[in-house]
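Chain identifiers are assigned alphabetically (A, B, ...) following the order of the sequence lines, protein sequences preceding nucleic acid strands; residue numbering begins at 1 within each chain.
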Amino acid sequence: MIRARVTGRIWSSKRIETIPKGSLLEVEAEGGERLIAFDPLGCAEGEAVLITRGSVAAGYFSDVKAPIDALIIGSIDEDG
Amino acid sequence: MIRARVTGRIWSSKRIETIPKGSLLEVEAEGGERLIAFDPLGCAEGEAVLITRGSVAAGYFSDVKAPIDALIIGSIDEDG
Amino acid sequence: MIRARVTGRIWSSKRIETIPKGSLLEVEAEGGERLIAFDPLGCAEGEAVLITRGSVAAGYFSDVKAPIDALIIGSIDEDG
Amino acid sequence: MIRARVTGRIWSSKRIETIPKGSLLEVEAEGGERLIAFDPLGCAEGEAVLITRGSVAAGYFSDVKAPIDALIIGSIDEDG
Amino acid sequence: MIRARVTGRIWSSKRIETIPKGSLLEVEAEGGERLIAFDPLGCAEGEAVLITRGSVAAGYFSDVKAPIDALIIGSIDEDG
């Protein structure tokens, strides 16, 4: 997994039907890489999150054909 | 997923038979990486798109052997 | 697999329910890349570890839907 | 997928038995990355090719255990 | 696949039980990346090898849960 920080959200009106309902958040990983992850937890901008990638991300969904390759699996606890 | 912009289209006359019918678009990802993605949505040059990669991209097709590792799953809404 | 060194641990109170019980360790790979891996072995900070990534990492868990894409599979023997 | 150019061919006399019969070509991807891909199409040195990677590459073979993670799926049409 | 050269071997006494019996070799890929691959062929230090990565590497093993994401599938023939 990678640690990343939420930087925004994207909207996509024109899209394939198998994208699950929910938020698609823009995140920036520790090394500076930017990606878009599905958020099942309701994370906010600036929140530190834990992201899993690849086919295991799609395994979260009941539809085995969910085309999701990056998933927020947790919010990372931060001090104070 | 990654955010990318459509930069062109490729044609391939000599190809394996399991490539699904449809467009293969050249895109440039946010970090500058260039890749080729299958487009089921009819996207145009310059359009901002959302791309999923790996085996989940192939899961979109009814032929489980579709050799597609990058798929445009949506067009990203942009202001004005 | 990659060789990495344990640099810390993360806690995540708000998380999806399919994350298996156990430690999530921060590691730094040989090339400097930082990632978070599930630790089934009880490794300590500073320990050199061997990490497998991708869907084979999830295969370790009895729950086939474990959203884990990086797993410590061994501690690397070091001299003296 | 990625666009790459064929730069050579490799031979391997000592190898595991599950490698399918056929050519293994050296290619250089657009970004400069070099990899080795299985070629089912009979491509020549200098030819521009389209490569798929990961488990979908192995899906091309009837033997589900083919250890191939990069496959040439087409030759890219080039002008003149 | 990638071309790499064997640079050493690692030992791991404390490890999960599903790692198959055999050698784990350190290799350096063409681009300088260092990784650890399972060796079913008995390769020596300095030997040029062909490596497959990801879930297809695990497919080599009869135990479908082998946590191996990098496998030496051949030794590359080199001239005199």
Side chain from CB out, backbone as N, CA, C, O: work out which of these in [X] comes under 4.5 Å of a heavy atom of chain A, or both, or neither.
{"X": "C/Ile68", "result": "both"}
{"X": "C/Glu17", "result": "neither"}
{"X": "C/Ala66", "result": "backbone"}

Given a strict heavy-atom distance threshold of 4.5 Å, which part of A/Glu47 is in contact with chain C: side chain, backbone, both, or neither? side chain

Contacting region of A/Leu71 [heavy-atom separation from chain C under 4.5 Å]: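 For A/Leu71, the side chain is the part near chain C, not the backbone.
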
In Å, rounded to the nearest 0.5 Å, how long is the span from [atom1] of [X] to [atom2] of [Y]?
{"X": "C/Asp69", "Y": "A/Ile73", "atom1": "CG", "atom2": "CD1", "answer": "7.5 Å"}
{"X": "A/Arg53", "Y": "C/Ser55", "atom1": "CZ", "atom2": "OG", "answer": "14.0 Å"}
{"X": "A/Ile76", "Y": "C/Ile36", "atom1": "CD1", "atom2": "CD1", "answer": "5.0 Å"}
{"X": "A/Ile72", "Y": "C/Lys14", "atom1": "CD1", "atom2": "NZ", "answer": "9.0 Å"}

Please name the pair of heavy atoms, one in C/Pro67 and one in A/Met1, separated by the smallest distance, quoted to 0.1 Å. O-SD, 4.2 Å

Can you check whether [X] reaches [Y] side chain to side chain, under 4.5 Å on heavy atoms?
{"X": "A/Leu50", "Y": "C/Ile10", "value": "yes"}
{"X": "A/Tyr60", "Y": "C/Ile16", "value": "yes"}
{"X": "A/Arg3", "Y": "C/Arg34", "value": "no"}

Looking at C/Lys65 and A/Phe61, would you say the former's side chain and the latter's main chain have a donor-acceptor pair under 3.5 Å? yes

